[in-house]
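One structure is given below, encoded as structure tokens.
It should be emphasised that the depicted structure is a prediction, and the values quoted were computed from it without experimental measurement. Computed from heavy atoms alone, side chains included, the values below leave out hydrogens, waters and symmetry copies.
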Amino acid sequence: MSGRLTVVRQGRVTVLTMDDAPTRNALGPEMMDAARDALVQAAGDPGVGAIVLTGANGTFCSGGNLGQLLGNAKADPEMTRGSLERFHGWTRAMRACPKPVIAAVEGAAAGAGFSVALGCDLIVAAEDAVFALAYVKVGLNPDGGASAFLTRAATPQLAAEIMFEGGKIGAARLAQLAIVNRVVPPGTALTEALAWAERLADGPTLAIGRAKRLIESGFGPSDDQLDREAAFFVEALHGAEAAEGITAFFEKRSPIYPRG
């Protein structure tokens, strides 16, 4: 166990598993740091040809810890920015890694969990997996590169729908939109992702790494968008809308956002 992330080597594939049952694998500082470090290590290890990212306990990732965010909202905005940089360090490590990173999604990939899945090169999802970029539900904006990756993968109209509404989207619809690569029976996402990772790991590693860089450069660097996301997230978290949205979430009521 490394923080709340398990790192297991299976042949030429490194498997990273988010594991925190009480929070449904919510992202915390230890998990973010461990994921970044594991990706950096895998990137430089010639014995690793691919990485699979998944979640334990039947869930991919429930997103950020709202309780922690509520505490950050009452502190200096620089604390929020520092927390975001930890998360974005993980995102940058995924995009900079010259090896393919495959998300194996069971259950929910919500909020920052959806961002993490979008940051991977490929997504394998169970038929009953549910995705939601639900930041707007609590008066926040996406982080983790979600706005960049979603806009690349979808039309602006679809990206707007997903980010404006924050609703749940099934794996089948995302597959139709070519955002999810493969949809498999429940309970088999990791098995399918591992088989795919093993095939890719046995391929021409350097050529795949160059292809990944070409894909990244073809859309322009995601680093700039990560910086914009961080700035907007800090502004949102320390504003009135997020204060009402997060409070309403914990009070289990509909938020009444300020007007004027």
Side-chain angles (χ1 to χ4, degrees), residues 1-19 25 27 31-56 59-61 87-107 109 113-126 129 131 144-146 148-149 152-153 171 174-175 178-185 187-219 222:
M1 177 72 73
S2 177
R4 287 176 176 170
L5 186 92
T6 60
V7 182
V8 176
R9 181 78 167 268
Q10 296 191 22
R12 286 180 49 76
V13 178
T14 293
V15 181
L16 310 180
T17 304
M18 298 173 281
D19 188 358
N25 307 333
L27 303 182
M31 187 184 292
M32 295 173 192
D33 289 347
R36 179 202 61 217
D37 293 347
L39 283 158
V40 170
Q41 183 174 358
D45 186 343
V48 175
I51 299 99
V52 171
L53 176 64
T54 193
T59 298
F60 185 71
C61 176
F87 184 22
H88 288 180
W90 174 359
T91 306
R92 289 184 170 96
M94 277 199 293
R95 301 315 308 154
C97 180
K99 321 291 174 65
V101 182
I102 304 176
V105 181
E106 298 277 355
F114 194 0
S115 299
V116 169
L118 288 168
C120 295
D121 300 297
L122 303 163
I123 302 175
V124 176
F131 298 77
F149 304 133
R152 292 176 181 183
L174 290 181
I179 293 172
V180 164
N181 297 89
R182 297 183 181 177
V183 177
V184 297
T188 67
L190 179 57
T191 300
E192 177 67 22
L194 277 170
W196 198 357
E198 288 166 359
R199 290 195 297 275
L200 291 173
D202 286 338
T205 304
L206 296 179
I208 290 173
R210 287 192 292 268
K212 183 168 177 175
R213 292 200 303 273
L214 287 169
I215 291 168
E216 185 74 6
S217 64
F219 286 97
S222 55

*Below 4.5 Å, heavy atoms only, C-beta onward: do N181 and I102 meet side chain to side chain?*
no
*Would you mind reporting whether F60 and L53 have side-chain heavy atoms less than 4.5 Å apart?*
yes
*Starting at NE2 of H88, measure out to CE of M94 and round the result to the nearest 0.5 Å.*
10.5 Å
*Rounded to the nearest 0.5 Å, how far apart are SG of C97 and CZ of R92?*
16.0 Å
*If you round to the nearest 0.5 Å, how far is CZ of R36 from CG of L5?*
12.0 Å
_What's the separation between atom CG in D121 and atom NZ in K99, rounded to the nearest 0.5 Å?_
12.5 Å
*asked:* Side chains of V8 and T17, heavy atoms from C-beta outward: is any pair under 4.5 Å?
replied: no
*Rounded to the nearest 0.5 Å, what separation is found between the CD1 atom of I215 and the CZ atom of R95?*
7.5 Å
*For V13 and A201, which heavy atoms make the closest approach, and how far apart are they?*
CG2-CB, 4.3 Å
_Student check: side-chain heavy atoms of L200 and P100 closer than 4.5 Å_ = yes
*Can you name the closest pair of heavy atoms from M32 and L27 and give their distance?*
CE-CB, 3.8 Å
*asked:* Within the structure provided, determine whether R4 and D19 are in side-chain contact (heavy-atom separation under 4.5 Å).
replied: no
*asked:* Determine whether a donor-acceptor pair (N or O, by modelled atom type, separation under 3.5 Å) exists between the side chain of E106 and the backbone of A189.
replied: yes
_Is any side-chain heavy atom of V101 closer than 4.5 Å to one of K212?_
yes
*asked:* Please give me the minimum heavy-atom distance between F131 and A125, naming the atom from each residue.
replied: CZ-CB, 3.9 Å
*Could you tell me which non-hydrogen atom of A93 sits nearest to which non-hydrogen atom of L39, and how far apart they are?*
CB-CB, 4.0 Å
*Evaluate the side-chain contact (heavy atoms from CB on, under 4.5 Å) criterion for residues L118 and I179: first the C-alpha distance (whole Å), next the side-chain angles of each, then the deciding distance (0.1 Å), finally the verdict.*
CA-CA 8 Å; L118 288 168; I179 293 172; 3.8 Å; yes
_Are the side chains of V52 and W196 in contact, using a 4.5 Å heavy-atom criterion?_
no
*So which heavy atom on R12 is nearest to which on D202, and how close?*
CD-OD1, 4.2 Å
_Distance check, rounded to the nearest 0.5 Å: R182 atom CZ versus E192 atom CD?_
5.0 Å
*asked:* Donor-acceptor pair, distance only, cut-off 3.5 Å: does the side chain of E198 make one with the backbone of A50?
replied: no
_Heavy-atom pair with the smallest gap, counting every atom of P185 and A126_ = O-CB, 4.4 Å
*Determine whether V48 and T205 make a side-chain contact, defined as any pair of heavy atoms from C-beta on separated by less than 4.5 Å.*
no
